[in-house]
Amino acid sequence: MLRTLKQITRIGIISEPVPLTAAERGERDALQQKIRRIYGRALCIRHVDAGSCNGCELEIHALNNPYYNLEGLGIKFVASPRHADLLLVTGPVSRHMQDALRRTYEATPEPKWVIALGDCGCNGGLFGCSYASAGAVADVIPVDVTVPGCPPTPGAILSGILAVLDKPRP
Amino acid sequence: MDCMPFALDLETLPGAVPVRRAVVSSDKLRSVCTAVHESGGLLHALWGCDERDRKGGYLLRVALQDAAGLLLLELPMNAAQPCFPTLADIFPAAERMQRAVYDLLGLRAQEGDTRPWLRHASWPADCFPLRRDYDDRGIRAAQNESYRFVRVTGDGVHEIAVGPVHAGTIEPGHFRFSVVGEKVLRLEERLGYTHKGIEKRFETQPLMQGQRLAARVSGDSAVAFSWAYCMALEGLCGITPPPRALWLRALCLERERIANHLGDLGALGNDAGFAVGLAQFSRLKEDLLRANQRAFGTRYLMDALAPGGIRCNLDEANRRDLLATVPPLVAEISTLHEIYDDHAGLQDRFTGTGRVEPALARKLGLIGLAGRASGQSWDIRCDHAYAPYDKLAVRMQGRLQGDVAARVAVRFEETLESLRLCQMLLENLPGGELQLSLPPPAKRLGIGWIEGWRGPVLIALEPGEDGLIRRCHPHDPSWQNWPVIEHAVMGNIVADFPLINKSFNLSYSGQDL
Ligand code: SF4
């Protein structure tokens, strides 16, 4: 126990400021207020792997490490689509996941947003369209923001999440 | 195994790892498999090929692993009725691979489970996508398929169905638990959700760029798979990459191993209720990824390797920078190791949980990191040290307990061993060229075999016409290890499943293909 406490105090708080310009930061603060106004709580994200290679998942995990302090921004990952405002979808949509993805989308309450994450989510990536892959997320459910990259960095994912709030669904 | 009694006509394939190949009959296939199993060997991979355009039939390929390396058996089958004898009674791990071979190519094992494995409902049962004359016109989205799960009946038994979409940031798969109270009587896995047609896709890729798709078979093993691909291709071209390239590849591979082990050690602490572990280890992992970014210009080294060598150099400043990160990381991990060892709550959750005894591990063919935690001492870096591991004398880690605690311990030890290797690689990094150009490849089969962080990955590659790939089969050790989890959770409580599952951390994408 003592060792654990020593380790915690030795390392201290390592969270970094969000890597944004001053203008973007102002925008972000506005967005944070918007999140609070709309939801009166944190923005809740549900990740759906629709067929990825698991590379994008590694960066979503990284985004949850202490450097990025996601919850400090008022953003958290939740366990069910019914609790989510935003779906973060990775992978080319495999035909075996097409139905599950559509049902997850339907289970998410309005208003909702969707981010297609990674080159695969944006356009099918190297896997393309085939007997087994339906390609881009947008071909299966409506997408608000795309975040390219293979895999996209945590910074890019974060920018995508912030950008999405600028595009409320009608 | 001694092949003499079988009078096999063995041919040695060119390349960096020892592979012997022989064409066999159905009977001989089974008798050789039995002999290999009895002499302590195991099944490594099983796949099929459509050879109707060349030899008039199909081919089943079975890669066995024994003390001498890989033994590749090829069974020709006629086009009219392609079937082969089951190997599942000798090697239980063969069962799912045989089902997949049917789903993709229509080659049927004569006995055993005939339920589909990789095919759910997105292509018709009588269409076989890996056949050369398959066309995509039959495709439709997956309907609600009915899959015959095994029912467990009895007083107070009920089922819990989980997935394919899970509660955390993990890949999709379905788990069907039969439980009494909190205790798991049986678990049945249903995988294949991320099947995205990788093998078919390979056939559209330029031979010289196939390592890019290989790196994405399972993103967490990008270096292992892309190296295996390059190794297979370089064997076909008859070249060995320059020493500097090989040393940098090993550096990338060890850094991939460390990154994954750090992530898992944190997640395992978290799953056992110790959130500090996750925070601390994910911090160390992020430091490592950022150092990769500085040194190589990429966090995950996805496209670092290329046929003939490596694409990213390491300049002197970055070499020093990476070298300087080694001792502090060793110290940090040692501190956290003590914290984990001293934490009564963690040890209580880890010890005895999800146990796979060595005898069961051997029977089921458990391999890689999880295998070493259950007394299965295989590590290609030691057994058939391909360059540059022949200069590094890798120390194999292992345990006999086979529980979560053992898999945690092996991860700690392998992380420290990898850091030792990184230090040696960085201190003695040879100079010289980074990449050779490749002469035209021989039109035959090439094998790449690399010890990734999860276990051995294999690439079987055949060049085709017009600079394209004819056939490429990637094999992830998750194939063998997934069925073992069904055994590991028996008798444990449902709440320990995430912990047990994480302690194996298998790839869905790598087995779904
Ligand atoms: S974008 Fe890249 S990392 Fe993400 S799922 Fe696709 S191949 Fe994997």
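To find a chain, count down the sequence lines: A is the first, B the second, and so on, and within it residues start at 1.
One finds the CZ atom of B:R283 at 3.5 Å from the CD1 atom of A:I11 (value rounded to the nearest 0.5 Å). A distance of 9.0 Å separates CZ in A:R3 from CG in B:D341, rounded to the nearest 0.5 Å. In this structure, SG on A:C150 lies 5.0 Å from CE on B:M302, to the nearest 0.5 angstrom. Note that CZ of B:R216 is 5.5 Å distant from CG of A:L126, once rounded to the nearest 0.5 Å. Put simply, OH on A:Y131 and CG on B:L104 are 5.0 Å apart, with the number rounded to the nearest 0.5 Å. One distance of note links SG of A:C53 with OH of B:Y508; it measures 15.0 Å at 0.5 Å rounding.
Side chains of A:H96 and B:D512 form no contact here, defined as non-hydrogen atoms less than 4.5 Å apart. Two residues are said to be in side-chain contact when any heavy atoms from C-beta on lie closer than 4.5 Å; A:L58 and B:K285 meet this criterion. You'll find the side chain of A:S94 stays beyond 4.5 Å of the side chain of B:H195, heavy atoms only. Residues B:P172 and A:M97 are in side-chain contact: their nearest non-hydrogen atoms beyond the backbone lie under 4.5 Å apart. For the pair B:F274/A:T4, a side-chain contact is recorded, criterion being any heavy-atom separation below 4.5 Å from C-beta on. For the pair A:E59 and B:R299, the minimum side-chain heavy-atom distance is below 4.5 Å.
Along residues 328-338 of chain B, the residues that come nearer than 4.5 angstrom to chain A, judged on non-hydrogen atoms, are B:E332, B:T335, B:L336, B:E338 in order of number.
Under the salt bridge (charged side-chain N to carboxylate O under 4.0 Å, His left out) criterion, B:D103 pairs with no residue, sequence neighbours left out.
Within 6.0 Å of CG on A:L5 lie more than 12 heavy atoms contributed by other residues, nucleotides or ligands. Taking a 6.0 Å sphere around CZ of A:R82, one finds it holds 12 or fewer heavy atoms contributed by other residues, nucleotides or ligands.
Of all heavy-atom pairs spanning A:S52 and B:T194, the tightest one is O-CB, 4.5 Å.
For A:N54 (side chain) and B:D220 (main-chain N/O), a donor-acceptor pair under 3.5 Å exists by modelled atom type. Between the B:K196 side chain and the A:V93 main chain, no donor and acceptor come within less than 3.5 Å of each other.
The cationic group of B:R290 lies under 6.0 Å from the six-membered ring centre of A:Y67 and within 45° of the ring axis, placing it in a cation-pi geometry.
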